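The next block holds one structure in the form of structure tokens; read it before the comments.
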Amino acid sequence: SDLSPRSVGGPPAPGAAFPAAARPRPAASTARSVAVSPPATSPAAGPRGSEESPRGVALGTGESPRVAPLPPGARQGELAETGVPALLLDVAEASFSGTLDLRRGNVRKLVYLLAGEPIFVQSNQRGETLGQMLVKRGIVTADQHAQALASSTEAGIKYGEALVRMGLLTEPQVMTELVTQTRLKLEACLRWNSGSYVLIPDPQVGAKVPRCPVNTLDLVLDGLRRYPDTEEAFSRLSSKGGQAVELRPRFQRHRAGFVERFGDGLLATITPDKTVAQVIQSTGSPQEAVQQLDILLQCGFVALRLREEAP
């Protein structure tokens with residue numbers, strides 16, 4: 001599969017009509033950058049997968065310059081050209097093993113991929129550590145979190161192991177939470193529309209980090225559906241109302257997963273003779289149509305073309 005950046009669509013059609021859609025104001029981000037520990041070197045999936053180990057170094061901030069040359073087989077690009085959903089599906093279809101380094105502003109996430117599937121994510125955001133996520137979700141209290149963190153520091157063990165020793169979670173429960181943590185870290189950056197990425201192949205990646213695997217298609221479709229952004233979707237599509245919509249071969253490979261989540265109502269309106277605006281106006285809910293069409297676009301499931309370029 002092609003892992004290079006690609007552009008979807010062409011210049012907007014002059015004067016193309018586009019139906020109105022709700023435009024909720026996006027919430028401002030309050031995340032801040034902190035140091036995190038590197039992943040455990042053991043390949044075994046277990047409590048040692050927490051990023052709250054006292055033995056660690058800073059992951060670093062987002063847009064710091066890369067001084068070292070890229071190794072053979074590496075690729076880099078801008079998220080404005082190829083978004084995170086399409087990137088994740090690219091590497092899944094290529095069964096890529098290695099790392100995906102995502103950076104936006106001061107935020108950095110390092111995604112470890114094994115045979116195309118995310119298995120671990122490092123983040124420099126304090127709120128994305130395992131302990132903070134457990135507190136937010138009510139799995140442990142703030143006091144229990146502080147006690148487990150102190151215990152892990154004093155005993156020189158991983159945070160997850162401290163939770164097990166304290167009787168707060170079992171080892172299987174810790175692993176379940178680590179998988180959830182991997183998913184949530186990735187869901188939080190699915191809608192990044194700026195920043196950069198670097199893909200670096202590494203066939204030994206599975207031996208370097210704990211394995212907390214997340215299914216790529218489930219992650220992308222469920223994450224985009226769980227956190228809709230109608231304002232951003234409208235912004236992407238409003239200038240393309242006169243362009244034709246074409247379902248790409250990738251969509252056919254994942255059609256069942258899309259229909260399972262969104263139904264086939266929108267798909268029934270996509271024909272070679274219809275524009276973006278006409279597709280949206282043909283549905284019962286223009287706002288839902290905008291959101292679903294935007295998901296198709298972000299995943300690389302559709303291409304937008306000028307009418308004269310459409311087949």
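Quantities reported herein were computed from a predicted structural model and do not represent experimental measurements.
- Counting all heavy atoms, side chain and backbone alike, L89 lies closest to C299 at CD1-O, 3.5 Å.
- For D101 and K109, the salt-bridge test fails: no basic side-chain N is under 4.0 Å from an acidic carboxylate O.
- Taking CG of L199 as the reference point, atom CG of L87 lies at 6.0 Å (rounded to 0.5 Å).
- In terms of the salt bridge (charged side-chain N to carboxylate O under 4.0 Å, His left out) criterion, residue partners of D294 (sequence neighbours excluded) are, by chain and number, R191, R236.
- Considering all non-hydrogen atoms of both residues, L304 and L237 come closest at CD1-CD2, 4.2 Å.
- With 3.5 Å as the limit, one finds a donor-acceptor pair spanning the side chains of Q291 and T230.
- Taking the side-chain contact (heavy atoms from CB on, under 4.5 Å) definition, one finds that T170 meets it with P172, Q173, sequence neighbours left out.
- Pairing each heavy atom of G116 with each of T216, the nearest pair is O-OG1, 3.3 Å.
- Between D90 and R75 no salt bridge is recorded (no basic side-chain N to carboxylate O distance below 4.0 Å).
- Using a 4.5 Å heavy-atom cutoff, the side chains of H254 and E93 are in contact.
- Taking the side chain as every heavy atom from C-beta outward, K274 and S282 approach each other to under 4.5 Å.
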* May I have the step-by-step check of side chain to side chain contact (heavy atoms under 4.5 Å, CB included) for F301 and R255, ending in yes or no? => CA-CA 9 Å; F301 289 163; R255 182 186 186 102; over 6 Å; no

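- Checked by atom type and distance alone, the side chain of N124 pairs as donor or acceptor with a backbone atom of R108 at under 3.5 Å.
- When only modelled atom types and interatomic distance are considered, E78 and Y197 share no side-chain donor-acceptor pair under 3.5 Å.
- Looking at V214 and E117, their side chains never come closer than 4.5 Å, going by heavy atoms from C-beta outward.
- A distance of 11.0 Å separates CD in Q181 from CD in Q132, rounded to the nearest 0.5 Å.
- Checking T141 against D143 by side-chain atom types alone, no donor-acceptor pair falls below 3.5 Å.
- Between P118 and L219, the closest heavy-atom pair is CG-CD2, 4.4 Å.
- Side-chain contact between E177 and R137 is present, with at least one heavy-atom pair separated by less than 4.5 Å.
- For the pair M133/E128, a side-chain contact is recorded, criterion being any heavy-atom separation below 4.5 Å from C-beta on.
- E171 contributes no side-chain N or O that, together with a main-chain N or O of V164, makes up a donor-acceptor pair within less than 3.5 Å.
- Taking 4.5 Å as the limit, some side-chain heavy atom of L130 sits within range of a side-chain heavy atom of Y159.
- Here the closest non-hydrogen pair linking L190 and P85 is O-CD, 3.1 Å.
- A heavy-atom distance below 4.5 Å is found between the side chains of N193 and E232.
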* Can you list the steps and then say if D202 with T99 is a side chain to side chain contact (heavy atoms under 4.5 Å, CB included)? -> CA-CA 7 Å; D202 182 358; T99 58; 5.6 Å; no

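- For the residue pair K185 and V121, the shortest heavy atom distance occurs at NZ-O, 2.7 Å.
- Considering NZ of K240 and CG of L293, their distance stands at 11.0 Å, rounded to 0.5 Å.
- Between the side chains of K158 and S152, not a single donor N or O lies within less than 3.5 Å of an accepting N or O.
- Residue F120 holds its CZ atom at 13.5 Å from CZ of R211, rounded to the nearest 0.5 Å.
- Looking only at side-chain heavy atoms (C-beta outward), L163 and L134 come within less than 4.5 Å of each other.
- For the side chain to side chain contact (heavy atoms under 4.5 Å, CB included) test with S97, the passing option among L113, V205, I119 is V205; the others fail.
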* Start with the C-alpha distance between L217 and N215, add both sets of side-chain angles, then the distance that settles side chain to side chain contact (heavy atoms under 4.5 Å, CB included), and finish with yes or no. => CA-CA 6 Å; L217 183 65; N215 178 272; 3.7 Å; yes

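- Between the OG1 atom of T180 and the CE atom of M175 there is a distance of 10.0 Å, given to the nearest 0.5 Å.
- With hydrogens and angles disregarded, no donor-acceptor distance shorter than 3.5 Å links the side chain of S235 to the backbone of E231.
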Can you give each donor-acceptor pair under 3.5 Å made by side-chain atoms of residues 256-268, sequence neighbours left out, with the distance rounded to 0.1 Å?
unit_1, atom_1, unit_2, atom_2, d
R261, NE, D222, OD1, 2.6
R261, NH1, G257, O, 2.9
R261, NH2, D218, OD1, 2.6

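- For Q278 (side chain) and T275 (main-chain N/O), a donor-acceptor pair under 3.5 Å exists by modelled atom type.
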* To do: Dump the intermediate steps for side chain to side chain contact (heavy atoms under 4.5 Å, CB included) on T182 and C212, then the final yes or no.
  => CA-CA 7 Å; T182 298; C212 311; 3.6 Å; yes

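- Here OG1 of T176 is found 9.5 Å from CG of L169. Values are rounded to the nearest 0.5 Å.
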